[in-house]
Each structure stands twice: as C-alpha cells, then as structure tokens.
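For the numbers below, each heavy atom of this structure counts, side chains included, while hydrogens, waters and symmetry mates do not.
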Amino acid sequence: MLQSTFLHVPGIGHERELRLWQSGVLTWGDARRKGTKLDLPSTLAKRLVIELESSEAALNEARIDYFAQRLPPSEYWRLIPEFDHSIAYLDIETTGLSRYYHSTTVIGLLKDDEYRVFVAGANLEEFPRAIKGCSILVTFNGKLFDIPFLRNKMSRLSVPLVHLDLRFLCRRLGLTGGLKEVEKRLGIRRSSGVEDFDGYDATILWRRYCRGNDNALELLVRYNMEDTVNLRPLLRETVLRLQKQITSGMSAKGIQTRLRGETFDKGRVLPKILPTLRSAVVEKPIVAVRGIDGPEKLLEMRVGSSRPVRVKRSRIQEVTLKFLLERLGKYPPTVIGIDLSASDKRESGWAWMRGSEIETALLRTDEQIIDATIESIPTLISIDSPLSLPAGRDCTRDDCECRKFGIMREAERVLKSRGINVYPSLIRSMQPLTERGIRLAKRFKLHGFNVIESYPGAAQDMLGIIRKKVDVEELQLGLEDFGATARSKLGKSLGHDELDAVTSAIVGYFYLTGTFEPLGSQDEGQIIVPRVRPETYTTGFHQNTPIREVAPRSKHAAS
C-alpha cells in the first residue's frame with residue numbers, strides 16, 4: 001500500500017491521489033516513469049518525482065520516521081504491510097479511569113509473536129524498556145486512555161512515532177462501539193471464561209487479588225491477553241477494509257469523491273492495485289503465546305524473560321480509618337453522613353459514625369433526617385448533594401435569566417478534569433436534589449451545626465474503592481478494607497444508599513483531621529474530598545478548628 005501512496009507529498013491530497021490512480025499511475029515507479037507528463041501542474045509533478053526518490057530511499061532503509069513526519073496520522077495504517085515486522089500491540093488494566101488518582105495494574109504487550117505481561121508489584125517498571133525498538137504501536141482507544149495514562153505514571157516512557165488507534169479507524173468504517181462490540185461484528189472470538197468481562201470486571205479482579213485471591217489475577221491476565229492479542233486480527237481486517245474502500249473510489253471520509261465534476265464510478269475498482277494490496281497484508285497466525293508457564297503458575301510467571309518473577313501483592317488501602325482515628329485522639333467526634341435522595345418519594349441513606357462504630361438507617365422525609373441528625377448532636381454533617389449554586393445563579397430554573405451563568409460549578413469542573421465522573425449541579429435531573437440539599441443545609445446551620453458537601457463516588461475513586469454502580473458487594477468490601485464496618489439499625493443488609501452515606505461520614509473524618517482538599521471556591525461552594533496524593537499536600541487549604549478531646553455523654557452524643 002505504501003508504494004501506491006502519494007499523500008505524503010506536499011500538494012497531493014485524497015482527490016489528486018485518486019486522479020493519479022485513475023490515470024494509471026498506481027505506484028511510485030509509475031509516477032517516476034511518467035515524470036513531467038503526469039496530470040498535475042508542472043511544478044507539482046517535478047516535486048513529486050523528487051519526493052518519491054527520497055521515499056524509495058527511506059523505505060529501503062526502513063526509516064519509518066520519514067513517513068511518520070509526512071503522512072497524515074489518519075493514514076498511518078498504510079505503513080502496515082511494509083513495517084508489520086515491528087508492530088507492538090498494547091492494552092492496559094487500571095484501578096479506575098482517573099489518571100490523577102488511579103494506577104496501572106496490568107500491561108499486556110504483543111511483540112514479535114510473543115505476549116508479555118507486566119504486573120504491578122512484579123515487573124511493571126520493565127515495560128518502558130520492553131517497548132523500545134518498536135516502529136508502530138497499535139491500541140484500541142489508546143490515544144485517549146492507555147498512552148496518556150501510562151505517560152502520567154511513567155515519566156521516561158517513549159512510545160513509537162506511529163500510533164494506530166483502531167477505535168478511530170473502525171469508526172471510519174462504520175464500526176462503532178467498544179472493542180468487544182467491534183470484535184463481534186467482525187466475527188473475532190474470545191476464549192471461554194473471559195468473553196463477557198469488561199473494564200469494570202478488571203478493577204474488581206484486581207481488588208480480589210489484593211485480598212488474597214490468586215485466581216483473580218489469573219483471570220485478569222487472561223482477560224488482558226484476549227484484549228491484546230485480538231488487536232492483531234482486528235488490525236488486519238481494518239486494513240483490508242480501508243484498502244478496499246479507497247480503491248473503490250471512496251475518500252477517507254467514506255464518501256464518493258467527485259473528480260472533474262463527475263462522481264467517481266464505484267464499479268470501476270482499480271484492478272491493478274487491489275490484488276497487490278490484499279497480498280501485501282500477511283496473514284500470520286494470530287499469536288504464539290510464550291513467556292507464561294500456564295495459568296496454574298501465573299504467580300511465578302516468566303513474563304517474557306528467563307527468570308521467574310514473584311508478584312508482590314499490593315496493599316488494599318494506603319490510607320485507612322485507623323490512620324484518621326490516630327489523628328483524632330482518644331475520643332473521636334460524631335459525624336453524620338447523608339446520601340440524600342432528590343425527594344421523600346425515595347429513601348435517603350443516613351449514617352452515624354463515631355470512631356469505628358458506624359450505624360446506618362434509611363430515612364425518607366426532611367423531618368426524619370433532621371430529627372435523627374439533631375438527636376445525635378454531631379460535630380459535623382457531611383451531605384452527598386450539591387449545597388450551592390454556580391456563581392451568578394440565584395435559582396435552579398432553566399427558564400430564568402440567571403440560566404446564562406451555566407449549570408456547573410468550579411468544583412465539578414475540577415473533578416471532570418481529573419477524570420472523576422460527576423453530574424453538573426443544575427442539569428435538569430439534578431435540580432430537585434440540589435434544591436433539597438441547599439434547604440436541608442440551611443436548616444442544619446440554623447441549629448448551629450457545621451455542614452460540608454461531600455461526593456461519595458469521588459471519595460471512593462480516590463480511595464480505590466469500587467463504586468456502587470459497578471458492584472455493591474465490592475463497595476461494602478472496599479469500605480471494610482478501609483476499616484469502616486457498618487451495621488444497619490434494623491439489622492438488615494446494607495444497601496448502596498447506606499454505603500454511600502458511610503462514605504460521606506468518612507469524608508467528614510478526613511475533613512476534621514485536616515487531610516482533605518476543598519475543590520471549588522469558597523464563594524461558590526466547595527466539595528470536600530480526601531487528600532490522598534502527596535503532591536496535593538500544599539499550603540493554602542483552610543484548616544478547621546482543632547478538635548477538643550471530650551468524653552462522650554452517651555452512645556449517640558458527640559465529643
């Protein structure tokens with residue numbers, strides 16, 4: 001394909017390239033033989049001949065950098081047949097989606113027909129060296145996720161100049177959706193046992209492995225291997241379809257290109273070029289996996305080297321409730337966490353927390369929430385709900401003139417920028433919740449209580465705890481790993497609303513110990529989140545009043 005490509009020559013676009021092919025100029029050799037007789041302006045024809053001489057020299061020297069600097073990135077796929085001997089296929093697994101808070105757990109690399117795996121706690125630091133020397137990197141959504149994530153964690157990582165993200169190439173062919181969806185449409189199958197896994201399952205498997213389940217790591221690596229090695233047949237099928245598309249008179253955007261005012265005839269497939277293109281894509285076996293002794297020995301895998309590697313099991317929690325309690329002193333204060341619902345038609349989660357004692361309840365009306373909270377005499381109330389409006393807004397209505405100031409606060413913008421999913425406080429579905437949160441916060445403050453806004457989902461992401469939308473059971477286990485074991489006042493099993501209320505109460509302890517970060521501005525309103533990254537330990541955070549150690553008067557009394 002590369003020797004039939006003219007797009008790397010300045011002045012040659014898709015339309016002129018098609019015009020050259022239509023006139024019988026199908027290769028660099030054809031163009032050089034015609035010289036100035038090409039159907040191009042004379043200056044451009046001369047430049048084309050000179051550039052093609054340099055192109056042939058660069059190809060003979062296997063200088064992929066020459067073409068990477070001249071070809072549009074959207075056309076890098078044309079390099080595959082000539083440089084398929086130096087391709088690296090990559091896929092990673094992480095503890096979450098945020099580059100700011102989460103970490104890499106597994107990296108899969110298919111190179112030289114060998115799948116190599118790099119695992120956190122074992123050999124993750126070897127990956128930058130392993131990818132060196134590759135000319136082309138192939139990923140699926142790697143430009144938006146894998147590579148930015150790895151670069152954020154590996155400062156010395158150097159990736160190949162040519163990066164083919166198959167997600168965008170597939171989109172050009174009308175193949176939208178995630179990797180597994182595209183595979184199914186193309187008939188690419190996965191091994192049994194992991195065929196239904198997704199990225200959320202990968203985070204759960206890592207957590208289970210950290211708790212001592214070795215089988216979970218084995219499944220996680222098998223899942224990653226499927227994601228990685230399936231990129232090869234996906235690339236092959238994608239290249240074949242793109243070749244067929246452009247040689248059938250279709251432009252890069254998938255639309256018919258008009259030449260000299262007439263639609264290029266789709267039936268006039270260029271007969272001399274199509275067979276050449278098809279044969280140029282080498283159909284090798286999908287993969288020959290080496291470097292692993294087998295799933296039963298995965299914990300002592302050879303990971304592409306001659307020596308066995310023992311995986312050092314990662315710690316579940318770097319920061320725990322014990323750490324916070326040590327900073328709070330002998331008599332920890334009482335904190336109430338509230339996972340507020342938008343109305344009393346649905347129950348709200350409510351959590352009472354004093355030290356390691358945690359009780360939960362489900363409450364419905366404003367009065368029930370206020371009465372139960374006031375009775376507990378808390379030092380702090382932490383509410384999962386927007387408690388303020390965006391700057392310039394004085395109501396939540398969409399038909400008000402103040403709507404021009406937007407629906408999102410600075411705190412929510414910061415969370416978004418850090419890869420934490422959050423809804424704008426005044427998106428239509430959030431408006432009733434925001435109104436109720438502001439109303440309750442005002443009433444608590446009238447009674448003299450300190451109130452903060454928390455966001456359990458963000459706190460869970462930052463603490464490495466699985467969110468409720470992924471797996472409620474894992475959320476409860478994650479809180480127990482943190483040291484927060486709660487029980488329902490009614491003796492029932494805990495639901496996701498109560499577990500989020502417990503998380504809000506935990507955020508209150510981060511606040512009271514000074515290990516918190518206030519996101520947003522004080523004038524507009526701030527969301528309080530745990531301060532878990534050393535690089536966020538900067539000066540300038542407002543500090544709360546020191547806590548006095550006072551013996552509690554009763555079980556539900558605050559210190």
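- Around the NZ atom of Lys184, the shell of radius 6.0 Å holds no more than 12 heavy atoms that belong to other residues, nucleotides or ligands.
- At distances below 3.5 Å, not a single donor-acceptor pair connects side-chain atoms of Thr104 with backbone N or O atoms of Val106.
- Scanning for ring-ring contact (aromatic ring centres under 6.0 Å, His included) contacts around Phe449 gives an empty result, with sequence neighbours left out.
- Within a 6.0 Å radius of CD in Glu473, no more than 12 heavy atoms belonging to other residues, nucleotides or ligands are found.
- Of the charged side-chain nitrogens involved, none lies within less than 4.0 Å of a carboxylate oxygen, so that Asp366 and Arg443 do not count as a salt-bridged pair.
- Using modelled atom types, one side-chain atom of Arg393 and one backbone atom of Arg397 make a donor-acceptor pair closer than 3.5 Å.
- Side-chain contact annotation: Trp350 with Thr373, donor-acceptor N/O pair under 3.5 Å present.
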Test log, rule salt bridge (Lys or Arg N to Asp or Glu O under 4.0 Å), inputs Asp344 and Arg364
CA-CA 5 Å; Asp344 57 13; Arg364 193 175 292 274; over 6 Å; no

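- A donor-acceptor pair under 3.5 Å is absent between the side-chain atoms of Glu226 and the main chain of Tyr223, judged by distance alone.
- With Arg413 contributing its side chain and Met408 its backbone, the two residues share a donor-acceptor pair below 3.5 Å.
- By the 4.0 Å N-to-carboxylate-O rule, Glu357 lies close enough to Arg354 to be salt-bridged with it.
- With Ile381 as the fixed residue, the side-chain contact (heavy atoms from CB on, under 4.5 Å) test singles out one of Ile338, Ile369, Ile452, Asn450: Ile338.
- For the 3.5 Å distance criterion, the side chains of Thr334 and Ser376 fail to qualify, holding no donor opposite an acceptor.
- With no hydrogens or angles considered, no side-chain donor-acceptor pair links Thr485 and Glu480 at under 3.5 Å.
- Distance CG/Leu205 to SG/Cys210: 11.0 Å, rounded to 0.5 Å.
- In this structure, Ser382 contributes its side chain and Ser504 its backbone to a donor-acceptor pair below 3.5 Å.
- Judged by distance alone, with hydrogens and angles left aside, the side-chain atoms of Ser454 form no donor-acceptor pair with the main-chain N or O of Pro456 at under 3.5 Å.
- Checked options Arg207, Lys468, Arg467, Arg208; the residue passing with Glu474 is Arg208 (criterion: side chain to side chain donor-acceptor pair (under 3.5 Å)).
- A donor-acceptor distance shorter than 3.5 angstrom exists from the side chain of Thr105 to the backbone of Glu93, with no hydrogens or angles considered.
- Considering only residues two or more places apart in sequence or on other chains, Phe145 meets the ring-ring contact (aromatic ring centres under 6.0 Å, His included) condition with Phe149.
- Side-chain contact check for Glu435 and Thr396: at least one donor-acceptor pair (N or O, by modelled atom type) lies under 3.5 Å.
- Residue Arg439 qualifies as enclosed at atom CZ: its count of foreign heavy atoms under 6.0 Å is above 12.
- Between Glu453 and Arg409 there is a salt bridge, since at least one side-chain N of the basic residue sits less than 4.0 Å from a carboxylate O of the acidic one.
- Centroid-to-centroid, the aromatic rings of Phe516 and Tyr511 come within less than 6.0 Å.
- Checked against Asn230 for a side-chain contact (heavy atoms from CB on, under 4.5 Å), the options Met225, Lys180, Glu183 give a single hit: Glu183.
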